[in-house]
Amino acid sequence: MVAKGVQFIPLLMVAGMFLLFIVSGLGSKMRQTSDYGFSGSYSGRVGSGAAIASNWMSAASILGLAGLFYLKGYYAMAFVIGWTGGYVLLLVLMATQIRRFGKFTAPDFVGFRYESATARTLVALISIVISVIYCVAQFRGIALLVSWLFGLQYKEAVLTGAALLVAFVVVSGTLGVIRNQRLQYFVLITAFVLPLMFINRKLGYFWVLPQFGYGEAITTLQEQFGFFWSEPFASISLFQWLALCFTLMFGTAGLPHVLSRFYLAPSMRDARWGVVWGLFFISLIYWSAPAYGVLARLFDARAGNAFKLPDPAQADLVTLTAVTQAGLPVWVVGLLVAGGMAAAFYAAGGLLQSGAAAFAYDIYPRLIRPGATDSDKVTVAKGVFLVLAGIVMAFSLNQVGLIAEIAAVAFALAGNTIFPAFLLGIWWSRTNAAGVVTGMLIGVLITFSSLLLGDLVPLVKVIFPLTSSAFIGAPVVALVMIVVSLLTRPPSDEMVAFLIRDVHDTGGK
Amino acid sequence: MSDNGVKRSINIFRPLQGTMRGEVQVIALLLAACLLAVVGTQVGIWVLEESIDGFWLTELVFFNLPIHFWISGQFLPLLFIVLGLVFNLWMDRHELRRMEGTIRFRATGRKKGEVP
């Protein structure tokens with residue numbers, strides 16, 4: 001959906017929203033510290049929850065999920081359940097323990113727990129790959145919105161969006177802007193839900209809770225247009241659906257930038273309650289996202305295209321098309337675009353920064369230049385940020401898939417590697433460096449096996465689909481870690497004692 | 001190494017004494033509930049789809065939504081929040097008990113005539 005020219009009012013609203021975040025960030029600069037690019041405001045449980053939710057929200061949540069509902073219907077529910085269920089795993093299995101470890105990044109955690117520079121470097125590399133893949137999804141969202149805002153073609157929009165993102169990160173970095181994540185969350189949720197309320201009101205549906213009101217659109221589609229949503233597993237088998245759902249769950253509990261939130265919570269109790277509040281705030285988005293997909297379908301049907309196969313290239317913009325087709329005021333459209341841009345920009349910027357930090361702090365001083373000073377690392381981080389932005393931009397030039405599906409590959413990689421490494425690292429003290437390194441290498445192979453071996457061995461595509469490989473992959477990797485650990489030397493007594501004394505509540509016995 | 005010479009370790013399937021044992025039991029319970037809810041509901045929806053050409057998925061409406069949309073899109077995320085709530089309340093309660101136990105131990109452990 002390329003607009004005819006520059007959309008001035010929405011553009012002003014986008015600029016206004018970024019200005020608001022920058023000014024509020026400058027205001028909180030004096031009160032906070034920033035490390036490894038993971039900064040934020042954390043006071044109280046609700047604040048921690050809003051920070052977790054704000055950190056989570058991205059183009060995949062604001063744009064991608066609705067697009068998937070529009071295109072594939074019930075299939076997209078696997079994303080809703082996977083992305084919310086993953087927080088249950090995080091809460092009960094990891095949040096408290098990670099906080100007790102007191103390490104700031106995933107490579108830090110793995111390097112310390114497994115007493116291995118190799119394991120630390122491997123996790124740093126995997127974190128960079130995850131950041132790049134996830135960022136490709138964000139860049140697609142940015143490009144689609146930039147394309148609409150400026151009336152550009154997709155490839156021009158990718159280049160423009162990348163330039164804007166780099167400029168934004170450089171300006172924010174130069175000014176020392178700190179993310180005010182609570183404010184961001186409340187602005188983004190308003191930008192996402194308010195237009196939905198307006199559409200429901202305009203259609204005469206129950207608009208106070210549009211998360212339920214859109215059900216009338218489903219009924220209308222059935223009764224007036226003969227369009228049914230009654231075959232949830234028509235295009236995907238139950239196994240494939242569950243594989244995707246659990247892959248997203250394991251991936252959520254293994255994404256480096258999600259795990260890093262828990263190190264920053266003021267206390268263990270805040271870490272735990274922050275997850276529950278965060279889950280509630282995230283659910284507000286996911287309770288609403290299906291509505292956009294369904295309403296876009298209704299507008300298609302009203303235009304006489306009820307059964308026309310939607311264009312996958314445009315599916316990621318259905319939140320926007322739903323609002324424009326409803327004939328809402330331009331400021332409502334602007335609000336939604338500004339929310340989408342902010343979510344994608346902050347997600348992409350944060351991911352690129354954490355990827356650059358993983359290289360500069362975990363790989364560069366260990367493998368390339370031992371004895372590098374802090375100043376050297378900062379310089380390298382800036383350079384790597386630009387290189388990663390260039391790589392992501394190059395991958396984004398071709399439309400390789402839907403936003404949510406690209407993101408799912410990053411979740412699969414995290415679920416096959418970092419999730420089992422953390423899980424066993426916390427809950428089985430016998431896991432050692434040899435086991436975790438071998439397991440994670442197998443995990444990388446499993447994640448990309450359908451691309452590498454799928455044509456040669458068709459069964460691989462069935463067992464380890466590109467977006468859903470962790471359902472079988474994560475247990476296989478965990479098993480490999482266990483077997484290799486048992487066959488090799490156990491971890492040091494000091495590490496086992498640390499786990500017993502400081503990580504788990506054993507009463508010091 | 002513990003006092004009786006047996007080497008101690010962390011294993012989720014053999015939790016050590018203390019709060020860890022209770023915590024692992026609660027974790028197992030919540031994860032089982034989570035797994036049952038996710039897999040059970042989807043199998044149920046699949047069965048409904050397979051029976052009478054998906055008739056029930058069209059006819060059963062809950063909170064304005066077809067039943068499968070409500071279960072997966074609304075109920076399961078809500079259930080996850082409730083499970084998180086239960087876990088946190090349990091953990092808070094046990095932390096409080098442990099703290100009370102520590103205070104009691106300190107109070108009774110004081111020697112006669114010792115100034116607190």
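Throughout, a chain's letter reflects where its sequence line sits, starting with A, and its residues are numbered from 1. Atom set for the values below is all heavy atoms of this structure, side chains included, hydrogens, waters and symmetry mates excluded.
Listed for the S429(A) side chain is a donor-acceptor partner under 3.5 Å among the backbone atoms of I10(B). Between the side chain of R430(A) and the backbone N or O of S485(A) there is at least one donor-acceptor pair closer than 3.5 Å. When atom types are taken as modelled, the side chain of Y292(A) and the backbone of F192(A) share a donor-acceptor pair closer than 3.5 angstrom.
The local environment of CZ in F63(B) is sparse, with at most 12 non-hydrogen atoms from other residues, nucleotides or ligands closer than 6.0 Å.
Of the two parts of E23(B), only the side chain, counted from C-beta on, holds a non-hydrogen atom closer than 4.5 Å to a non-hydrogen atom of chain A. Looking at V275(A), neither its backbone nor its side chain comes within 4.5 Å of chain B, counting heavy atoms on both sides. Contacts between I218(A) and chain B at a heavy-atom distance below 4.5 Å involve the side chain alone, from C-beta outward. Heavy-atom distances place the side chain of F246(A), and not its backbone, under 4.5 Å from chain B. For E216(A), the parts sitting under 4.5 Å from any heavy atom of chain B are the backbone and the side chain alike. Heavy-atom distances place the side chain of W241(A), and not its backbone, under 4.5 Å from chain B. Using a 4.5 Å cut-off between heavy atoms, M249(A) contacts chain B through its side chain alone, with no backbone atom that close. Only the backbone of I426(A) comes within contact range of chain B, with heavy atoms under 4.5 Å apart. Contacts of V61(B) with chain A are absent, with no heavy-atom separation under 4.5 Å from either backbone or side chain.
Counting heavy-atom pairs closer than 4.5 Å to chain A, the top-ranked of the candidates V24(B), V38(B), V26(B) is V38(B). By number of non-hydrogen pairs under 4.5 angstrom with chain A, the leading residue of I67(B), L35(B), I45(B), L30(B) is I45(B). Your options are L242(A), L91(A), T219(A), L209(A), and the one with the most heavy-atom pairs under 4.5 Å with chain B is L91(A). By number of non-hydrogen pairs under 4.5 angstrom with chain B, the leading residue of F233(A), W428(A), Y214(A) is F233(A).
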Donor-acceptor contacts under 3.5 Å from residues 76-83 of chain A side chains, at least two apart:
none

Contacts under 3.5 angstrom, residues 78-90 of chain B side chains, donor-acceptor by atom type, not counting sequence neighbours:
unit_1, atom_1, unit_2, atom_2, d
N88(B), OD1, R272(A), NH1, 3.3
N88(B), ND2, R272(A), O, 3.1
W90(B), NE1, H94(B), NE2, 3.3

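The side-chain heavy atoms of Y205(A) and N64(B), taken from C-beta on, include no pair separated by under 4.5 Å.
Proximity of the aromatic rings of F112(A) and F498(A) is defined here by a centroid distance below 6.0 angstrom, and this criterion is met.
Note on ring orientation: taking the six-membered ring where Trp is involved, the planes of W56(A) and Y87(A) are perpendicular (angle over 60°, cut-offs 30° and 60°).
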